[in-house]
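Reading through the structure tokens given below for one structure.
Numbers here simply count residues along the sequence, with the first being 1.
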Amino acid sequence: MTESGAATDQSQPLTTVLVDDVEEMRALLRSVLARDGRFVVVGEAADGEEAIRVVGATKPDLVVLDIGMPTLDGIAALPGLRDASEDSRIVMLSGFPAEQMAKPAIEGGAVGYIEKGEDVRTLPSHLYELATVLGTVQRVLDAAYSAELSSPRQARADLRAALAAEISPTANEIIQLLTTELVTNAVTHGHGAVTVTAEVSGDRVRIAVGDDSAIVPVPGNASADDEGGRGLALVEGLAARWGVEEVPTGKVVWFETPI
């Protein structure tokens, strides 16, 4: 189990490391974040290798990370950054479109993806939300399953074991049910591997199920006996929040539910 988190004392500014190979971009970010008052920049780096050294030395709350950099790009640097400071939250800030690079960034350990075209007036609030809203995150499951009929049952068993020590039995049963439905849908409509991640953060659990199908599901009015539409109808009815993210290789359906 790996962990990533940010400072829980939100009365203190977030210590921040800026990673971008363009010096002017780092200067702009430094100025914008300084004016906001909720951040204090404690280090900067111009490539992934330098970023790993700086993050290891400063252990910041937040790392704002570019992708396209020399020597070691942002995606390739993610494992080293997580090893250097497992409690730092990493947010990608890149010129690449989110539909191309958000999925590998999130899968690599980033907590969010922001395109550089975002209005600088809203950027600090977006960064702050990503760095603090979930608090400490524990990733308790990160698994891939083949597109086989046995996969929903295996995912359910893996979730039961992963969450047994984290949440109540009742919440665990609900999460298992919803995840089983989503994995079943993914196996039915997709052809490649189905990914399942589970993260515990504060009083919530977040489950994300990914597959290679471009079909975006829509909740229907399916009954318990219907073969289609039941999964998202259950998610919509039982989860606190849920959503669908389209990615270049397919989609990710996620939901959050209280512990």
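With salt bridges taken as basic N to acidic carboxylate O contacts below 4.0 Å, one links Lys116 and Asp20. Taking 4.0 Å as the cut-off between side-chain N and carboxylate O, Arg206 and Glu199 do not count as a salt-bridged pair. The pair Arg30-Glu23 fails the salt-bridge criterion, with no side-chain N (NZ, NE, NH1 or NH2) lying under 4.0 Å from an Asp/Glu carboxylate O. For the pair Arg89 and Asp61, the salt-bridge criterion is not met [side-chain N within less than 4.0 Å of a carboxylate O].
Thr58 places no side-chain N or O within 3.5 Å of a backbone atom of Val42 that could act as its donor or acceptor partner. Distance alone, capped at 3.5 Å, places no donor-acceptor pair between the Asp66 side chain and the Ser94 backbone. The closest donor-acceptor contact from the side chain of Ser151 to the backbone of Leu149 lies at 3.5 Å or more, if one exists at all. Between the side chain of Glu50 and the main chain of Ala46, a donor-acceptor pair closer than 3.5 Å is present.
The only option from Val187, Val183, Val196 that meets the side chain to side chain contact (heavy atoms under 4.5 Å, CB included) definition with Tyr145 turns out to be Val196.
Here the shortest heavy-atom pairing between Leu78 and Pro104 reads CD1-O, 4.4 Å. Heavy-atom minimum distance, Ala162 versus Leu141: CB-CB, 4.3 Å.
Cluster annotation: Leu238 and Phe255 are assigned to the same hydrophobic cluster (Ile/Leu/Val/Met/Phe/Trp/Tyr, side-chain heavy-atom contacts under 4.5 Å, transitive).
Using a 3.5 Å distance cut-off with no hydrogens or angles, the side chains of Arg38 and Ser125 do pair a donor with an acceptor. Between the side chains of Asn185 and Glu181, no donor N or O sits under 3.5 Å from an acceptor N or O.
Glu107 meets the salt bridge (Lys or Arg N to Asp or Glu O under 4.0 Å) test with Lys103; sequence neighbours excluded.
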